[in-house]
Protein chains: 2
Amino acid sequence: MPRAKNIVWIMCDQLRHDYLGCSGHPKLKTPNIDAMAERGVRFRNAYVQSPICGPSRMSFYTGRYMRSHGSHWNGWPLRVGEPTLGDHLKKIGVRNVLVGKTHMAPDLEGMKLLGIPPDSIIGVHVAECGFEPYERDDGLHPTGRPRPRYDAYLREHGYEAQNPWEHWANSGADAAGSLQNGWLLAHSDKAARIPEQHSETPYMTRRAMDFISESETDERPWCLHLSYIKPHWPYIAPEPYASMYGAGDVQPAVRSQAERQSAHPVFAAYMSMRYSRNMARDEARAKVIPAYMGLITQIDDQMGVLMEFLGERGLLDTTMIVFTSDHGDYLGDHWMGEKDLFHDASAKIPLIVIDPSPEADAARGTVCDALVEAIDLAPTFVDYFGGEPPGHILEGRSLMPLIRGKTPSGWRKVAFSEYDYAMQDVRLMLDQPIERCRLFMVFDGRWKLIHASGFRPMLYDLASDPQELVDRGEDPSCAAEIARLQAALFDWALHPNDHITTSRAKIAAYADNQLQVKGGVLIGIWDEAELAAIREKIDQRKTR
Amino acid sequence: MPRAKNIVWIMCDQLRHDYLGCSGHPKLKTPNIDAMAERGVRFRNAYVQSPICGPSRMSFYTGRYMRSHGSHWNGWPLRVGEPTLGDHLKKIGVRNVLVGKTHMAPDLEGMKLLGIPPDSIIGVHVAECGFEPYERDDGLHPTGRPRPRYDAYLREHGYEAQNPWEHWANSGADAAGSLQNGWLLAHSDKAARIPEQHSETPYMTRRAMDFISESETDERPWCLHLSYIKPHWPYIAPEPYASMYGAGDVQPAVRSQAERQSAHPVFAAYMSMRYSRNMARDEARAKVIPAYMGLITQIDDQMGVLMEFLGERGLLDTTMIVFTSDHGDYLGDHWMGEKDLFHDASAKIPLIVIDPSPEADAARGTVCDALVEAIDLAPTFVDYFGGEPPGHILEGRSLMPLIRGKTPSGWRKVAFSEYDYAMQDVRLMLDQPIERCRLFMVFDGRWKLIHASGFRPMLYDLASDPQELVDRGEDPSCAAEIARLQAALFDWALHPNDHITTSRAKIAAYADNQLQVKGGVLIGIWDEAELAAIREKIDQRKTR
């Protein structure tokens, strides 16, 4: 059997952990993803490091917490010099290739200060977050950036418009044929105005297959990040997915009146956001959720296409497959839309890993309960390719033992996630200083504490309250749990991987039983006799 | 009167806060520095952000805590892209010029990854920590770096040797004339083997004056960092300073037997270090401290030379003068040598600021009690030159109001300092993991808490115990104080200035009462009517 070599790392955007057949959704059809779970390990306690696209992805792509990489919001540039997965893979000769979304914003000011031309090879590597952009497409086509290739693709197929992505692929039509803007939730029940094969998900799948085909003549191993924009909004699917699910397939909203009556101020502010007020309405859920489910089944079908393609080329035997998402979607649960907070609907993600190696055979089809963080993927990939994950930079841990059914010693007892709401109306509602709009989740597998700077904590007991409906943050009987998790957060906050220029191996080799006389620098030695004794010890050690 | 324009920022190395006449030393003669204090403001509660050269200086030069700049030890490179005072001054057209020591180690690996040639203009700026190196000299002449110009200077004056700095300027001779290595404490009572005018302190003063003379034809304002290596070891002074002070001038050691009997494990480990055991001996103190005092009076004399030079050129009216140190020296107090821990002998520094502006007249000759951190200087300098200190990057606060006798609102209630002992034998003695060798000081002006990862805290009450002889870390009556300072540390740890690419002004301009429809990205809007209402509100706001 050929040696394990490549990675296909599939990421969906805004896909909830529980919107898959294999994770228990009673109505949603995802047979291909379920089959992937059967061939690999499914992690059912995987959390993102920030429940919003940009910061979450920067954590995936750097293997570091948000407080370390510093990109707290969509569009906040990742500082130049922040080490990425691409940097670590480059050192061991592995290409890190992108097809789809990263949400990376380059630090153009930092690059200018350092004299790095953005269009140089190094400039592109830096500006693209360590990826070789085979095809970059953030889906949402923000203004001020070049139009992605997908726009031209649509035009080539006759879909002409100023913004064909919005006009055709993400808008619907009413009965009379007039355009219905797919951004608006009221139109999520329409079908997108293009045939399925021209929509974004199959297009990106084909682009991934294009790369894989082209790479067959290249001996270098690669990590291909196939990063879909869907099922992220605009919530609108092409046929047949548009009409695949109906109001009867929508699960009841997970929420209680009590949540609104005594809400924590931060939670209350989020419930009052426009998107939350809209998504909390049954009418919106009935329109949006079937479209969301259709988009997921479309991804599932594309997983079928991709796995068949890999199988035909014999690549399944040599390719690690990873399937995940950058965060979830409240979909009206807890009276919320979007993501932002740390309920499982938002902060927990699906994660399936298929390791082709024989060592992983025993673990195939199993479900792993270990607390996993998104930042674990970067060290996992370096490890898989045979590199040594740089532990002074990466803040996650390699999942390789877990993927192969082993229980590593000293696995983490708590998972962390962060959020910075400085850029949101919530800051104005709560009248918080810009630098103190910080939320921190500490989750130990049962108790989930949310530390909110300037406010009391929130607390959920997922053992007695798996739906996270009861905030115990003010319950005196929980004081010990709160203190314990706060202590864990304190310890975490004091020990970031904040030095990235000096490896632990270098440090380990340094401290040397007070024998250093390095470079002729003699510290605090009394006289010639003491110095001679030190030099003798050093010589003895050398000859040992 | 000409407008305030330049800064001369003088830094000594390892100069204790209380080894000046103006700060109360009963024997030490520092008339010139005392006169500077009379012309400016003396800060008597100024603390470094790490009581060791490299990390302390990186905090001075970046205006950021150690946990933010990430350079935890001497020689640990400052990561490329870490913003420096030099970057901020460059933006407002001010030269940031170095004469002397910085202890900067360039991030050569990071520079290589980003394609920055170390010998380019940008490369030198990055490699020299944002300084224009008029003359770089770290004093200790480590191996593997080019020999400083001072070596050639000594040779030109006939002091020939493989390492003339060590052989002549930092060694003595016994009665028979044979060489006595100045590194060794036993020889601190000897005189250095060169005339005073050729020793390092006057040499560096002359180099500073050379720069100032040359800059007179240049219109650009400048910040000149005149950074002396002394009174740092090798503790050996040229005549007349070598014999200026004697054993009778040595103050009694500040220490108690109780300190050794129930020492905190970290404190105990440091007391057992070779340099501590040696410096705790009265014989060593009697030899070292007079040399240390002589080196300080030599600096004081050079301050006289420098001030006269500036005065003759009329520059005293336009130049801010700052006098400080990078940390102190235990000198046997608390049974310790060197620095490392947070007693005032080590973590507190002298700080005198003379602002030439008339607005500062009322404050001249005053002593300021405000809690000041070394990181306050960078924003002070940007402020002095008329710039806006970037509050999302700099973690200190401008001292300009205090320098002009004003009491700024909301001044800090606690000062922080950090230490990482991963590179020291102490790590091996305490058997701590490399990533957890962290100490944190929190000081509120009275209570000083030292948080030691993995150990109980230390606590000193400087009101009842100004000499810091009684560790109250296990005293149950201090539980409330400990909890209060730990909470302050917790809050500090959770709120670093960890995003450096996005200014607060940019953030403030963004949050906008849920009206964002930026770049055509419409989030969670229900229908056309709601969208039209939002657009109408935006238009109304624009016309207001």
Side-chain angles (χ1 to χ4, degrees), chain A residues 67 70-72 76-77 79-81 87 107 110 113-116 122 140 142-143 183-186 273-275 278-279 337-338 422-425 427-428 434-436 438 440 453 490 493-496 498-502 504 507-508 510-511 513-514 519 521-528 531, chain B residues 67 70-72 76-77 79-81 87 107 110 113-116 122 140 142-143 183-186 273-275 278-279 337-338 422-425 427-428 434-436 438 440 453 490 493-496 498-502 504 507-508 510-511 513-514 519 521-528 531:
Chain A
R67 56 98 189 260
S71 179
H72 290 204
W76 284 21
R79 65 185 291 184
V80 66
D87 293 326
D107 177 8
L113 278 173
L114 295 176
I116 304 168
I122 286 172
L140 297 183
T143 49
W183 286 107
L184 303 173
L185 305 179
M273 291 288 278
R274 178 179 62 222
Y275 51 73
N278 278 333
M279 273 307 297
E338 287 283 81
M423 292 285 273
Q424 287 180 297
D425 298 336
R427 170 171 69 78
L428 303 176
I434 282 172
E435 61 276 22
R436 295 188 59 82
R438 303 292 301 272
F440 302 88
S453 300
F490 187 19
L494 289 178
H495 300 92
D498 53 1
H499 62 91
I500 62 170
T501 62
T502 307
R504 288 189 187 146
I507 298 168
Y510 188 90
N513 294 316
Q514 307 199 42
V521 174
L522 314 179
I523 306 179
I525 297 170
W526 175 245
D527 62 5
E528 287 79 359
L531 178 57
Chain B
R67 55 94 188 262
S71 178
H72 292 202
W76 284 21
R79 65 185 292 184
V80 66
D87 293 325
D107 177 9
L113 278 173
L114 295 176
I116 304 170
I122 287 172
L140 296 184
T143 49
W183 285 108
L184 302 173
L185 305 179
M273 291 287 279
R274 178 180 62 225
Y275 51 72
N278 279 333
M279 273 307 298
E338 287 282 82
M423 292 285 273
Q424 287 180 296
D425 298 334
R427 170 172 68 78
L428 303 175
I434 283 171
E435 61 277 21
R436 296 187 59 82
R438 302 294 299 272
F440 303 87
S453 301
F490 187 19
L494 290 178
H495 300 92
D498 53 0
H499 62 90
I500 62 170
T501 62
T502 306
R504 288 191 186 144
I507 297 168
Y510 188 89
N513 294 317
Q514 306 199 42
V521 174
L522 314 179
I523 307 179
I525 297 170
W526 174 246
D527 62 5
E528 287 80 359
L531 179 57

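A, B, ... follow the sequence lines: proteins, then strands. Residue 1 opens every chain.
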*With respect to chain A, which residue among B/L113, B/D87, B/L494, B/V80 yields the maximal number of heavy-atom pairs within a distance under 4.5 Å?*
B/L494
*asked:* Restricting to non-hydrogen atoms, name the atom on A/R67 and the atom on B/D498 that form the minimum distance, rounded to 0.1 Å.
replied: CA-OD2, 3.1 Å
*So B/M423 and B/H72, side-chain contact (heavy atoms from CB on, under 4.5 Å) or not? Walk me through it.*
CA-CA 9 Å; B/M423 292 285 273; B/H72 292 202; over 6 Å; no
*Between B/N278 and A/W526, which heavy-atom pair has the shortest distance, and what is it?*
ND2-N, 3.3 Å
*Using the test salt bridge (Lys or Arg N to Asp or Glu O under 4.0 Å), find all partners of A/R79 that sit at least two apart in sequence or belong to another chain.*
B/E82
*Examine whether an atom of A/I122 lies under 4.5 Å from a heavy atom of chain B, and if so say whether it belongs to the side chain, the backbone or both; otherwise answer neither.*
side chain
_So which atom in A/R504 and which in B/I434 form the shortest heavy-atom distance, rounded to 0.1 Å?_
O-CD1, 3.5 Å
*Non-hydrogen atoms of chain B under 4.5 Å away: do they reach the side chain of A/E528, the backbone, both or neither?*
both
*asked:* Please classify the contact between A/D527 and chain B as side chain, backbone, both or neither, with a heavy-atom cut-off of under 4.5 Å.
replied: both
_Option in A/P77, A/G337, A/G110 with maximal non-hydrogen atom pairs under 4.5 Å from chain B_ = A/P77
*A/I116 versus chain B, the contacting section by heavy-atom distance below 4.5 Å*: side chain
*Might you point out which heavy atoms bring A/S453 and B/H495 nearest each other, and give the distance in Å?*
OG-NE2, 2.6 Å
_Portion of A/S71 that has a non-hydrogen atom of chain B nearer than 4.5 angstrom_ = neither
*Which atom of A/I523 lies closest to which atom of B/Y275, heavy atoms considered*: CG2-CD2, 4.0 Å
*Please flag which part of A/L114 lies under 4.5 Å from any non-hydrogen atom of chain B: side chain, backbone, both or neither.*
both
*asked:* I need the residue from A/D107, A/I500, A/L185 with the largest number of non-hydrogen atom pairs under 4.5 Å to chain B.
replied: A/L185
